Amino acid sequence: MSTPKMTMAQAINAALRDAIAQDDSVVVFGEDVAQLGGVFRVTDGLHREFGESRVFDTPLAESGIVGMAVGMAMNGMRPVVEMQFDAFAYPAFEQIVSHVAKLGNRTRGKVRLPIVIRIPYAGGIGGVEHHCDSSEAYYAHTPGLTVVAPATNADAYGLLRAAIASPDPVVFLEPKKHYFAKEEVDVSVPVPPIGRAVVRRPGKDATLIAYGPSVPVALAAAAQAATEGRDLGVIDLRSIVPFDDETVCAEVRRTGRAVVVAEAPGFASVASEIAARVGERCFHHLEAPVRRVTGFDVPYPAPKLEHHFLPGVDRILDAVDTLQWEDAA
Amino acid sequence: MSTPKMTMAQAINAALRDAIAQDDSVVVFGEDVAQLGGVFRVTDGLHREFGESRVFDTPLAESGIVGMAVGMAMNGMRPVVEMQFDAFAYPAFEQIVSHVAKLGNRTRGKVRLPIVIRIPYAGGIGGVEHHCDSSEAYYAHTPGLTVVAPATNADAYGLLRAAIASPDPVVFLEPKKHYFAKEEVDVSVPVPPIGRAVVRRPGKDATLIAYGPSVPVALAAAAQAATEGRDLGVIDLRSIVPFDDETVCAEVRRTGRAVVVAEAPGFASVASEIAARVGERCFHHLEAPVRRVTGFDVPYPAPKLEHHFLPGVDRILDAVDTLQWEDAA
Amino acid sequence: MSQLKAALTPARLLDESGRLVRGATAPDAETLLEGYRGLVFARRLNEQAGALVRQGRLAVYPSSRGQEACQVACASVLEEGDWLFPTYRDTAAIVARGVDPVEALTLLRGDWHCGYDPNEHKVAPQATPLATQLLHAVGVGHAARLKGENTVVMALCGDGATSEGDFHEACNFAAVFRVPVVFFVQNNKYAISVPLARQSVAPSLAAKAIGYGMPGIRVDGNDLPALEKVLGEAVARARAGEGPTLVEADTYRIDSHTNADDASRYRADDEVNDWLPRDPLLRVRTYLKAKGTLDDAREQEIADAAEEMAAAVRAGVGAETPVDPEEIFAHVYATPTPQLAEQRAVLRAELEEA
Amino acid sequence: MSQLKAALTPARLLDESGRLVRGATAPDAETLLEGYRGLVFARRLNEQAGALVRQGRLAVYPSSRGQEACQVACASVLEEGDWLFPTYRDTAAIVARGVDPVEALTLLRGDWHCGYDPNEHKVAPQATPLATQLLHAVGVGHAARLKGENTVVMALCGDGATSEGDFHEACNFAAVFRVPVVFFVQNNKYAISVPLARQSVAPSLAAKAIGYGMPGIRVDGNDLPALEKVLGEAVARARAGEGPTLVEADTYRIDSHTNADDASRYRADDEVNDWLPRDPLLRVRTYLKAKGTLDDAREQEIADAAEEMAAAVRAGVGAETPVDPEEIFAHVYATPTPQLAEQRAVLRAELEEA
Ligand SMILES: Cc1ncc(C[n+]2csc(CCOP(=O)(O)OP(=O)(O)O)c2C)c(N)n1
Ligand SMILES: Cc1ncc(C[n+]2csc(CCOP(=O)(O)OP(=O)(O)O)c2C)c(N)n1
Ligand SMILES: [Mg+2]
Ligand SMILES: [Mg+2]
């Protein structure tokens, strides 16, 4: 029996459906998630299947959505809320940073907030301004939040199940350019623990470190490099916080060379963090500086210009080329 | 004639006064800034001196304050707004990220926003939760913002003058623990350009890189190290964005060792950025990995615990000790 | 409480069959004819943009079909130095204000985030993050007041946007500072798929004005002369230093949210069909025809002019305009940072290589 | 419009000289005596906390002096399973609800951000970021409703906080979802230094309710029985499934914002002096004395009990309680991340070294 093919939107939909069905405390709400099934159809059919008490539309106010989720979690529920697009989570920033992230700590663990904030994020879909931000750094920098970014449809299913089951708040970043691409998804595979990276492609010459929408780009770069005789490995972080130092360092120590690939502007970003910690932890194994291939430090460009902004295969391979191969044995 | 001693609060006050007096388009507003003169007395006397049309209190709404500043700047003014404390700027996050940072770019430079957002920030004053956040990473990661953090009272004066004169929006981070410490301030010294770091203490063994409230801590560590025979230099970044690669790299290449000191939680922070770029740009000059001494990745602790959180002299010197001196010539 | 009444019962001048309502003063016929021309242009623009989307020339278009009277009125009541703060749905209003339609469509064509110079016609960039622009409008108005300028600011938003915190803060700041701004809510009954009932259970959106201490007026949003009267009075109040007004237009979004949306998923055809006879164009046309102001020749002239505009839009949007990749670095700061200069060099090298 | 009237004219039962207002039903004397005890405790707590600040035992204390009737009433109208959402100024309300005062003062003592278990007495942590807690209150209430629980939520905020976007979003969500929540605004006329007139030009804060489609009631905030009546009715409405109410208490902050503030910089003594005779304690005391319910013995008993509470607060706050530095890592996540485990080891090594 072959596993079914699903888009990432369908995989997330399945994860929501299974979680709602299995746990009475799971509720899904946000803007346009009920009747419409979400602007990306991620919540399609859930309202019809589970009714208004489990899946509902809210007034148009993101701080309201997240703030209400905090209260519902205080009262025993597991809210899964959707921010319609990355930049539209910013109105909820105070609630996320000052409460979602801190209430558990504030109350010495007496109150835990099992909230999932789903954010369709990043670019590559030709969206107009405010619809393509890679906002992970804001969340990853905030202690108390778990930050997850799946790169495969199977991970989207599994990690979302894990996120909903987590006692802690999770910012769940869905690379929106993946929503409509099909892959095999076996929902019976055990749910992966949050915090474990995975080596998507082993490689001995250098390691590409990526997450979310940059993973397939890194894989494409590695495939291209292979045709040119260079063996690049690719790590998919899956979770940004917690960070899997073990897997990352093991690979980089083996290859001695690393390039971090991420779509967000590079300055003070998650890519900076990865470069800094790899630099600190693998110093004596490094044959070359850790390079970052990221979005430029500019606002996300208009549709016709976005491909110049996004880290692509060529830019990654250019960076790999600078890893001082002339010194290599 | 000796230069007068001023606290940082007074230096900032003087900068505001001089800017208001010299430029009709400068207006100062926020919560409690007029009648009261600010909860830290930074705007003391300005309302009395310049009147309601130049210095005024607003209703209690930070998004409102910043959003109104955007409009006033569109209509030819130079608003200088105060967010009462670091965490109380978060309600304005959407306005800051989606408009303050991007409107100039959005309009191809047809509209420029000469706004200064003053934020009393960071800890060390025994403040309760939400009053001590080091929030610079959120702003530094956002393209379009200039991010400045003075460490001396003279710089507070000079950099604020430069910030107000800048055609671009500036997030001006005032280390609140410095507000009431006196130093000599010569207001006739030319205004320093934004974007230039300064070597506060030359040193040949290793370089401490700091900004804002961490500069005096780094200097204290260097002084302490000197008594133990180690010659540490200290760089004060002054501006986080733009970043002064030239000064930083020149120093680190000379010493071959660097420790970044900052109060914010370290993950995906400005300290990560500095470590990453120094690692990338000075790789062949480094004798040891770039170390970071930062706040832990926890919410800012309650007053009685904050000193365990803050990077102090001992923690800095411990980090310096790990810089593989045994290999040193 | 007459204040509450004005906030609840929509003001009206022309009824759905194009007749003057009882007791109403007839609007000036020539002015109304000008308005009718605006309506025809707005409708034509909506249709043309929709066609360009179907041809793949525009990425997306949020149509204001059914709301054309609002689009025309909010622009026509403004004077030259006044400002307009539109949303993504208000392209027709922007064009009515004088912005070149091709420049206005730059955003939706994907060339840049805003295609016109906001200062030229005093039209802010179309706002995407909901309700945020209302605060900018307040700022422009407050600055004008402080500078002693006679400017009035027209700030647009939808029914959904009234739920955002920024709507509240903008209304409150405007009232407290007596800012010369008119908040004009086009209540088209939907925020994408979410109906008004899920947005608010207040007796009306205009009733929110009471909580800020400003007048709130409800008006038939498909009745051009009524809109021009109500908005004109609000503008006059603002200009006279009497502060802001909240105007709610009772209207309807005939099309889907955008072409990417499928309204049949969340609303019945019957509901749309109920609104079709209330069409803002028909009403004015019938009235002017009956009056004799609009004869066949004039109608033809207007139709031809609208067709000309549409042709220009087709040509302009269809033309190949080069975009400069390096421009993404050019405007982030007035002077690029050293970091951006470096990054620009990376891109330039790639482009030269390619 | 009786709705508007209730939102404008403060409800009152006892006048400033402690006499029942004309036409009012007399409150139950024993209940009122219980309330009086609460007022005395609240006043004593404010005084004791102030003294502890002067002695350097507390870092800061935002006093509710003058607002004690609000503090007592909002707790007394709740039943056991109900929730209270207080701010930094509502320590007396928290204590009235049953939280140990020493635990309540943990925050201001600087040991931890919240010293009590919110679930024990159903009291949320004291909110610092203004108006944010109102949304949490709505969430608790909405969850209760979905679960079919009979809970009512009392959500407190100040006049200044009504200007925040979160106030708006909370009121609107509550009204749209018919959440069993009572929004209780203690309008004490100041937000730190900013007077009400700079906060709002609405006819009243309660009038804001109209814009959300819920009842808005204004009440004399220094009149305990009136508060208990109005809040009690709002709680009953909420419990009956009739949705939220916005209650505005007309009161006054007698002390500075906190001990760190100097109110003389922004308000005249005369204004404060005008409010002193409206003291919430005096009024009830005079009434109960006149009634004969409060005799000297009972008064002494209440004073003694309050003194005992104050002594316990002094002892508890004064006691040396060890804080565990490593606790800063313990609660950030349910299970510490590997990163936090590493960082904890760094701190542990430092502590062991020292
Ligand atoms: C802050 C924010 N949240 C969400 C969105 C996504 N969004 C775009 S339009 C829209 C509906 C807006 O409805 P309304 O205000 O009634 O205006 P209309 O589209 O009907 O003109 C939504 C939710 C957004 N643009 N901004
Ligand atoms: C979001 C936010 N902004 C600013 C502050 C700083 N602040 C603390 S109390 C206060 C005044 C609040 O006034 P009000 O709501 O009337 O309550 P009161 O203190 O009078 O009880 C301010 C501005 C804050 N705590 N939160
Ligand atoms: Mg709408
Ligand atoms: Mg107050």
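Since the model is a prediction, treat every value here as computed from it, not as a measurement. Here is how names work: the chains are called A, B, and so on, in the same order as the sequence lines, proteins then strands, and each is numbered from 1.
Residues of residues 128-164 of chain C lying under 4.5 angstrom from chain D, judged on non-hydrogen atoms, are C:Thr162, C:Ser163, C:Glu164 by number. Listed by sequence position, D:Gln199, D:Ser200, D:Val201, D:Ala202, D:Pro203, D:Ala207, D:Lys208, D:Ile210, D:Gly211, D:Tyr212, D:Gly213 are the residues of residues 199-216 of chain D in contact with chain C, using a 4.5 angstrom heavy-atom cutoff.
Salt-bridge annotation for C:Asp223 and C:Arg278: absent, with no side-chain N of the basic residue lying under 4.0 Å from a carboxylate O of the acidic one. With respect to D:Glu233 and D:Lys229, a salt bridge is recorded, a charged nitrogen being found less than 4.0 Å from a carboxylate O.
Between the side chain of D:Arg218 and the backbone N or O of D:Val247, no donor-acceptor pair lies under 3.5 Å.
With 3.5 Å as the limit, one finds a donor-acceptor pair spanning the side chains of C:Tyr266 and C:Asp261. When only modelled atom types and interatomic distance are considered, C:Gln71 and C:Gln186 share a side-chain donor-acceptor pair under 3.5 Å. Under the 3.5 Å distance criterion, with hydrogens and angles disregarded, a donor-acceptor pair is assigned to the side chains of D:Asn222 and D:Thr251. For C:Ser64 and C:Arg89, the side-chain atoms include no donor-acceptor pair closer than 3.5 Å.
For D:Phe177, the part lying near chain C is the side chain, with the backbone staying farther off; criterion is any non-hydrogen pair under 4.5 Å.
When all heavy atoms are compared, the tightest approach of C:Glu248 to C:Asn187 is OE2-ND2, 2.8 Å. Nearest heavy atoms, D:Pro86 versus D:Val123: CG-CG1, 4.0 Å. Closest approach of D:Asn188 to D:Gln67, counting heavy atoms only: ND2-OE1, 2.9 Å.
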